[in-house]
There are 2 protein chains.
Amino acid sequence: MSILERKEREKEYRRRTIIDAAEKVFFSKGFEVATMQDIANEADLSKGTLYLYFKTKNEVCLAIYLRSLKIISSYLEKIIEEKDDAIEKILNFYKVFNLFIGEQPAYYMAILNYRQHGTHCSEDSKILKACIQQNAVINSQLINIIEEGKTRGSIKDDVESANISRLIWNNRTGILSNSVLIETDIASETIQQGKDAIRYFFKLMIEAIRSK
Amino acid sequence: MSILERKEREKEYRRRTIIDAAEKVFFSKGFEVATMQDIANEADLSKGTLYLYFKTKNEVCLAIYLRSLKIISSYLEKIIEEKDDAIEKILNFYKVFNLFIGEQPAYYMAILNYRQHGTHCSEDSKILKACIQQNAVINSQLINIIEEGKTRGSIKDDVESANISRLIWNNRTGILSNSVLIETDIASETIQQGKDAIRYFFKLMIEAIRSK
DNA sequence: ACAATTAATGACCGCCAGTCAGTTTGTCAA
DNA sequence: TTGACAAACTGACTGGCGGTCATTAATTGT
């Protein structure tokens, strides 16, 4: 049994190696321009081997996306543990996410690109399912915060926590997960405006949901 | 001079023909899967001819996006003309946009795909510039509505109209222009949830900006 | 009628995702 | 140790697409 276990570990290690290489390549060249051959070179493997671990290039992208989601989720976990008020927790998440953008641009880009990669992927992809699952976790963490605020009295009773959660973080409607706050080829000067809009969103939202 | 004018008209007509064909093909097959050959076939032209009118496939996508923006802009124009209150006008835009999604899904998809196409396009593309310009128009139309509301007293004086505009409609942060409220390959059952989140966004925002 | 200019064509190129027959490496029983 | 079997790995190859360009067709002006 030990050999089987070791093999499993080695397989997992290879997988990680490939994802690590993909991160480097994607971030230095961009998701579109990077090729599977680039990733193979970076990982010192042949292209064929990549396809033993990932069915498509899209799946590699999703693997990086999944890592991003786990990071976000762990941030939220820490925030939830703190003894802050719910409103504070929401603001903390906003602040932490802003830092995340600056410090982990590669992961942030993976989040932005999910819309594209997630929709061009076979429905029964294991990794896609894992991503959907991890998003659900984040969703419930946010709902958790809002509901706690309602119980403690800092947030109005009639606030729709599920919708707040979707407005903040959801791959379809979330303002954090969908806003492009990183330099792309064009219009780099508008990033600050975007960040300011997000700040204002949180200001308005909190104004609307906090108990008077 | 008449001949030159006629030629100009014919050129413009060809261009429209190509965009019409592209719309059909893109919507029936999806932006990614559709090929330039498909568009050429649909338009009864050769592939080479397409490239006499558009530099890249991306530009064809942008041409459709530009049409979408003009539709949105014309909606806003009508809304602004009405004698409604500013809050009413904002709600009208929300309602009209919801109808737009259902009635013009192809154009709606073009809006969603802009992020992808706009960023992979040479900066000096004429059509890209036109898109940016048209977005600026929409932006100023929205600001116009908010500022009018401030003057008339239905919206609080300290509301940041530019940021409201960016939150509603902006290719980086706009909730209407970025939320995916149409069936993609996966997760079709969540559309209603997304729409509900948008509805709630408008509810909260209006609550926060209307004069008490 | 005949250049000259403009429009249209489709065979062709380079590139890349994805495949697969063949090779290497690892395992284990005899 | 050996040999047979399996698992992991390889890279040449394929198909298909975006984009090009030499050639052909159509239009205009003289």
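Here is the naming used below: chain letters follow the sequence lines, and residue numbers restart at 1 for every chain. Both backbone and side-chain heavy atoms feed into the values below; hydrogens, waters and symmetry mates do not. The structure presented is a predicted model; accordingly, all values stated were derived computationally and were not measured.
- Between A/Asn41 atom CG and D/dG11 atom C1' the separation is 12 Å, expressed in whole Å.
- Distance, B/His117 NE2 to D/dG18 P: 11 Å, rounded to whole Å.
- Spacing between atom CD1 of B/Ile18 and atom P of C/dA7 amounts to 13 Å, rounded to whole angstrom units.
- With no hydrogens or angles considered, no side-chain donor-acceptor pair links B/Asn178 and B/Arg172 at under 3.5 Å.
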When you compare the protein's N or O atoms with those of nucleotides 13-19 of chain C, which come within less than 3.5 Å of each other, and at what distance?
{"residue": "C/dA17", "atom": "OP1", "partner": "A/Lys57", "partner atom": "NZ", "Å": "3.2"}
{"residue": "C/dA17", "atom": "OP2", "partner": "A/Met36", "partner atom": "N", "Å": "3.0"}
{"residue": "C/dA17", "atom": "N7", "partner": "A/Lys47", "partner atom": "NZ", "Å": "3.0"}
{"residue": "C/dG18", "atom": "OP2", "partner": "A/Tyr51", "partner atom": "OH", "Å": "3.2"}
{"residue": "C/dG18", "atom": "OP2", "partner": "A/Lys57", "partner atom": "N", "Å": "2.8"}
{"residue": "C/dG18", "atom": "N7", "partner": "A/Lys47", "partner atom": "NZ", "Å": "2.9"}
{"residue": "C/dG18", "atom": "O6", "partner": "A/Lys47", "partner atom": "NZ", "Å": "2.6"}

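- A/Leu45 comes within contact range of the sugar-phosphate backbone alone, with a heavy-atom separation under 4.0 Å but no base atom that close.
- Shown here is A/Lys70, whose NZ atom has no more than 12 heavy atoms of other residues, nucleotides or ligands within 6.0 Å.
- Of the N and O atoms on the side chains of B/Ser125 and B/Ser122, not one donor lies less than 3.5 Å from an acceptor on the other residue.
- Remark: P of D/dA7 and CD of A/Glu8 are 13 Å apart, rounded to the nearest angstrom.
- In this model, a donor atom of one side chain and an acceptor atom of the other lie less than 3.5 Å apart for A/Asp38 and A/Thr35.
- Under 4.0 angstrom from either OP1 or OP2 of D/dC9 there lies no side-chain N or O belonging to A/Thr49.
- Of the candidates D/dC9, C/dT27, C/dA8, the closest approach to any side-chain atom of A/Tyr53 belongs to D/dC9.
- Under a 4.0 Å N-O distance rule, the pair A/Glu8/A/Lys11 does not qualify as a salt bridge.
- For the pair B/Glu10 CD and C/dT5 P, the computed distance is 20 Å after rounding to whole Å.
- Counting to the nearest Å, the C1' atom of D/dG19 and the CG atom of B/Leu50 are 11 Å from each other.
- Distance check: A/Glu59 CD to A/Tyr65 OH gives 15.0 Å after rounding to the nearest 0.5 Å.
- OP1 and OP2 of C/dT6 both lie 4.0 Å or more from every side-chain N or O belonging to B/Arg6.
- Exactly one residue among B/Gln192, B/Arg199, B/Gln193 makes a side-chain hydrogen bond (donor to acceptor under 3.5 Å, both in side chains) with B/Asp196. That residue is B/Arg199.
- With rounding to whole Å, B/Phe54 atom CZ is found 16 Å from C/dA8 atom C1'.
- In this structure, A/Lys11 places its NZ atom 13 Å from C1' of D/dC9, rounding to the nearest Å.
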